[in-house]
Number of protein chains: 2
Amino acid sequence: MSAANRKVTIVEVAAAAGVSFGTVSRVINGDAHVRPETRQRVLEAMRALHFTANRQARRLAGGRSNSVGVLVPDLGTGYIGEIVRGIDAELSLSGYDLILYTTHRAPAKEAEYVANLVQDMVDGLLLVLPRNPTDYLSTLAQRGFPFVLIDHQGTGADCAAVAAANWQGAYNAADALIRMGHRRIGFITGALDLGAAVDRLDGFQTALRAHHIPDEAELIYQGTFHQTDGYTAACHFLDLPQPPTLIFASNDVMAMAAMDAVRERGLRVPEDISVMGFDDIPQAALVRPALTTVRQPLEQMGRMAVQMLMEIFGDPAVSPRRIELPTELILRDSTAPPKAQPS
Amino acid sequence: MSAANRKVTIVEVAAAAGVSFGTVSRVINGDAHVRPETRQRVLEAMRALHFTANRQARRLAGGRSNSVGVLVPDLGTGYIGEIVRGIDAELSLSGYDLILYTTHRAPAKEAEYVANLVQDMVDGLLLVLPRNPTDYLSTLAQRGFPFVLIDHQGTGADCAAVAAANWQGAYNAADALIRMGHRRIGFITGALDLGAAVDRLDGFQTALRAHHIPDEAELIYQGTFHQTDGYTAACHFLDLPQPPTLIFASNDVMAMAAMDAVRERGLRVPEDISVMGFDDIPQAALVRPALTTVRQPLEQMGRMAVQMLMEIFGDPAVSPRRIELPTELILRDSTAPPKAQPS
DNA sequence: CGCGTTCATGTAAACGTTTACATAACTATA
DNA sequence: TATAGTTATGTAAACGTTTACATGAACGCG
């Protein structure tokens with residue numbers, strides 16, 4: 001109501017409530033040693049003065065800042081965006097603030113810098129899709145700083161992590177499409193320095209083997225998860241003497257680009273060739289034909305990561321778990337049984 | 001190299017460099033009063049010790065935290081994401097960190113709380129699409145706290161702001177499509193408590209008038225920018241005795257939903273009915289048929305806002321400007337001249 | 001009824017900086 | 001060569017909290 005011109009501090013609240021600032025601090029931090037009636041008085045004073053604790057000072061003095069840092073590689077693909085949505089939603093439930101860092105600019109060295117920097121700002125860290133995190137992960141772990149990895153198939157080191165069942169998703173999808181009749185499948189990999197990409201490729205190849213389909217080199221195109229790869233990969237496949245009947249891209253973005261390439265050749269999806277992706281980003285359902293894909297529970301991964309972090313906050317000694325969330329094949333309109341089946 | 005276990009402070013750097021901590025502080029802040037050779041020694045010590053200044057302490061002591069807060073309503077639509085991308089890119093150029101707050105949870109009152117909270121955390125604020133900002137805007141302005149509004153057609157109060165030429169965009173688009181032959185156009189509005197939505201509607205209606213086309217109530221559907229509105233609006237229009245030949249949605253998300261509705265009726269876009277949107281979010285180009293739309297320079301709006309903020313940092317007394325970035329009609333495949341033209 | 005406990009509250013130091021001020025070391029001037 | 005005027009550096013207080021410790025009041029027990 002009244003336009004307090006300066007910042008309201010704990011001391012002013014104390015004065016208003018007729019107690020010392022120490023007591024106010026105790027009330028804020030929920031310390032048990034404060035008489036209910038005193039607490040009430042303090043609470044009222046806080047409300048009346050529109051008091052909000054200064055997080056800087058809090059954290060500096062050794063308390064919690066009630067915010068967690070989120071490191072993401074970028075914001076471009078929609079894929080990250082979904083994860084962040086989940087994180088944000090869950091975080092706000094717990095009354096934490098989100099501090100977002102994009103690290104697309106940060107090669108090797110900057111990583112440690114960022115980690116360092118972030119450390120005295122936030123209570124914990126959420127690392128989305130860390131690229132080569134070995135550098136600072138050890139530092140973090142060793143200092144006992146709370147963090148959880150999202151979508152990183154790590155070195156197996158015992159870090160708290162949440163990921164999607166990439167291998168399983170790729171396997172199941174390939175299996176289903178093979179049963180549908182496809183035997184020549186062009187696969188576009190992701191950036192193979194990412195565990196997720198390797199897992200998807202591996203799941204795919206295992207399904208092939210399970211059906212006794214030979215693993216032909218010309219049907220594996222090495223991509224990097226970027227849109228352009230989808231386009232060039234599709235061109236490569238279509239130029240083959242015997243093109244595949246299905247293109248399976250390691251993510252949706254590449255799959256969509258592949259569809260464009262197919263159409264540019266005057267071919268139709270899925271009548272002439274089927275296309276599928278991985279991720280189920282929002283636009284996968286919007287694109288025409290709607291994209292068959294493997295759904296990663298992106299938003300839920302974010303939520304889960306936050307929950308794990310809160311668990312760690314509660315008990316720092318808790319042994320780090322790695323949670324793998326299930327993926328699900330989403331059949332839409334971009335896939336169909338192959339039209340001409342020689343076999 | 002060496003695994004410093006504790007946080008490195010200014011004092012340790014001072015010891016290593018053989019100077020007092022005051023001098024180190026001066027070096028950090030680029031104070032002129034320090035001998036070049038001393039500065040060199042301090043710099044080396046900082047590097048050797050992997051020193052990074054503690055932002056909390058810095059800000060608490062009255063300095064800058066080198067981070068700016070960004071308030072967004074949510075992260076869902078892709079529309080906001082683009083703006084944030086621009087902000088992030090430009091911010092990192094200036095060496096600032098981004099602190100992201102999503103306010104979807106924040107009705108009326110929380111706004112002031114958030115603003116208060118944020119204030120002692122960041123050096124400045126970027127408010128994306130503030131809903132009813134009058135509450136805290138005055139507080140902010142009155143305290144001389146630096147901030148700039150993004151995509152808010154305000155009360156005309158003199159706040160720094162960047163926006164897109166919504167009126168012009170809608171006018172030009174409508175004008176172009178009318179010249180293409182459309183005379184019955186169904187318009188889906190956005191949430192009319194948002195200035196942008198009003199401007200688009202107004203631009204559209206003005207174009208109609210300019211071409212002496214009567215403004216029929218049944219051809220204006222009041223939406224809220226959400227996907228479902230697009231669907232129901234399209235159904236409404238198609239059920240009309242004389243359906244429009246073009247549906248003009250106030251954003252891309254509604255336009256895409258409208259296309260779905262059209263297709264469900266067994267009609268084809270654009271052969272049977274044209275559809276267009278507004279924003280040019282990334283998926284607008286991906287969707288089939290690719291969506292005709294009005295491009296808002298989303299990313300650039302973010303960049304511009306940061307630049308304005310930096311300007312304010314540089315000289316707080318600078319008089320607040322309102323910048324309106326031009327919009328552009330992007331003709332894609334979802335629009336075509338109307339097929340049967342009675343007139 | 002007095003003394004050791006327990007519980008509520010006040011106090012002081014610390015967190016890592018910045019900034020205003022004090023001081024020491026130089027210059028330049030007369 | 002003494003002296004005022006700079007310029008570089010050191011020092012102390014402040015920022016708004018938390019936390020360990022000190023104090024004082026109330027209470028139960030023998």
Side-chain angles (χ1 to χ4, degrees), chain A residues 4-43 45-46 49-67 116-123 143, chain B residues 4-43 45-46 49-67 116-123 143:
Chain A
N5 203 20
R6 279 272 118 252
K7 210 163 288 171
V8 183
T9 83
I10 210 182
V11 179
E12 302 173 46
V13 175
V19 298
S20 93
F21 65 88
T23 303
V24 176
S25 176
R26 268 184 286 269
V27 169
I28 296 175
N29 292 53
D31 190 309
H33 288 284
V34 44
R35 207 160 32 142
E37 125 191 359
T38 312
R39 153 169 291 121
Q40 204 48 45
R41 219 151 15 104
V42 172
L43 253 23
M46 294 195 346
L49 268 54
H50 282 82
F51 171 81
T52 32
N54 181 325
R55 283 159 126 105
Q56 329 295 303
R58 250 186 142 173
R59 174 101 189 134
L60 183 57
R64 328 213 109 278
S65 70
N66 271 300
S67 35
N116 243 327
L117 184 72
V118 156
Q119 257 192 78
D120 45 39
M121 197 92 167
V122 299
D123 299 337
R143 296 199 195 180
Chain B
N5 203 20
R6 278 272 117 253
K7 211 164 288 172
V8 183
T9 84
I10 212 181
V11 179
E12 302 174 47
V13 174
V19 297
S20 93
F21 66 87
T23 303
V24 176
S25 176
R26 268 183 288 267
V27 170
I28 296 174
N29 292 51
D31 190 309
H33 289 284
V34 44
R35 207 162 29 143
E37 124 190 0
T38 312
R39 155 170 289 120
Q40 203 48 44
R41 225 159 1 116
V42 171
L43 252 24
M46 297 197 342
L49 270 54
H50 281 80
F51 171 81
T52 31
N54 181 325
R55 282 161 129 107
Q56 329 295 303
R58 247 182 145 175
R59 174 104 187 133
L60 182 57
R64 329 211 109 278
S65 72
N66 272 297
S67 36
N116 244 327
L117 183 72
V118 156
Q119 257 192 79
D120 46 39
M121 197 91 165
V122 298
D123 299 336
R143 295 200 194 179

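Proteins come first, then strands; the chains are lettered A, B, ... in the order of their sequence lines, and each starts at number 1.
- Side-chain contact between B:V8 and B:H50 is absent, with no heavy-atom pair separated by less than 4.5 Å.
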Once each nucleotide of nucleotides 5-10 of chain D is scored for protein heavy atoms under 4.0 Å, what B/S/- sequence comes out, 5' to 3'? --SSBB

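- Closest heavy-atom contact between A:V13 and A:M46: CG1-CG, 3.6 Å.
- Between the side chain of A:R64 and the backbone N or O of A:D123, no donor-acceptor pair lies under 3.5 Å.
- Taking atom CD of residue B:E37 and atom C1' of nucleotide C:dA25, one finds them 14 Å apart after rounding to whole Å.
- Atom CE of A:M46 and atom P of D:dT17 are 10 Å apart (whole Å).
- Side-chain contact between A:M121 and B:Q56 is present, with heavy atoms from C-beta onward closer than 4.5 Å.
- Rounding to whole angstrom units, CZ of residue A:R59 and C1' of D:dT19 are separated by 15 Å.
- A sub-4.0 Å separation between OP1 or OP2 of C:dT18 and a side-chain N or O of B:N29 is present.
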Could you give the side-chain donor-acceptor pairs of residues 14-42 of chain B under 3.5 Å, partners two or more places apart or in another chain?
unit_1: B:S20; atom_1: OG; unit_2: B:G22; atom_2: N; d: 3.1
unit_1: B:D31; atom_1: OD1; unit_2: B:H33; atom_2: N; d: 2.7
unit_1: B:R39; atom_1: NH2; unit_2: B:D31; atom_2: O; d: 2.9
unit_1: B:R41; atom_1: NH1; unit_2: B:A17; atom_2: O; d: 2.7

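- Between the CG atom of A:D123 and the C1' atom of D:dT18 there is a distance of 14 Å, given to the nearest Å.
- Look at CG on B:L60: it is 12 Å from P on C:dT17, rounded to the nearest Å.
- To the nearest angstrom, C1' of D:dT19 lies 13 Å from CZ of A:R58.
- Put simply, B:S25 has no side-chain N or O that comes within less than 4.0 Å of OP1 or OP2 on C:dT17.
- As rounded to whole Å, 16 Å separates atom P of D:dT17 from atom CG of B:N54.
- Distance, B:R55 CZ to D:dC15 C1': 18 Å, rounded to whole Å.
- In terms of heavy-atom proximity, B:S65 sits nearest to B:V122 at OG-CA, 3.7 Å.
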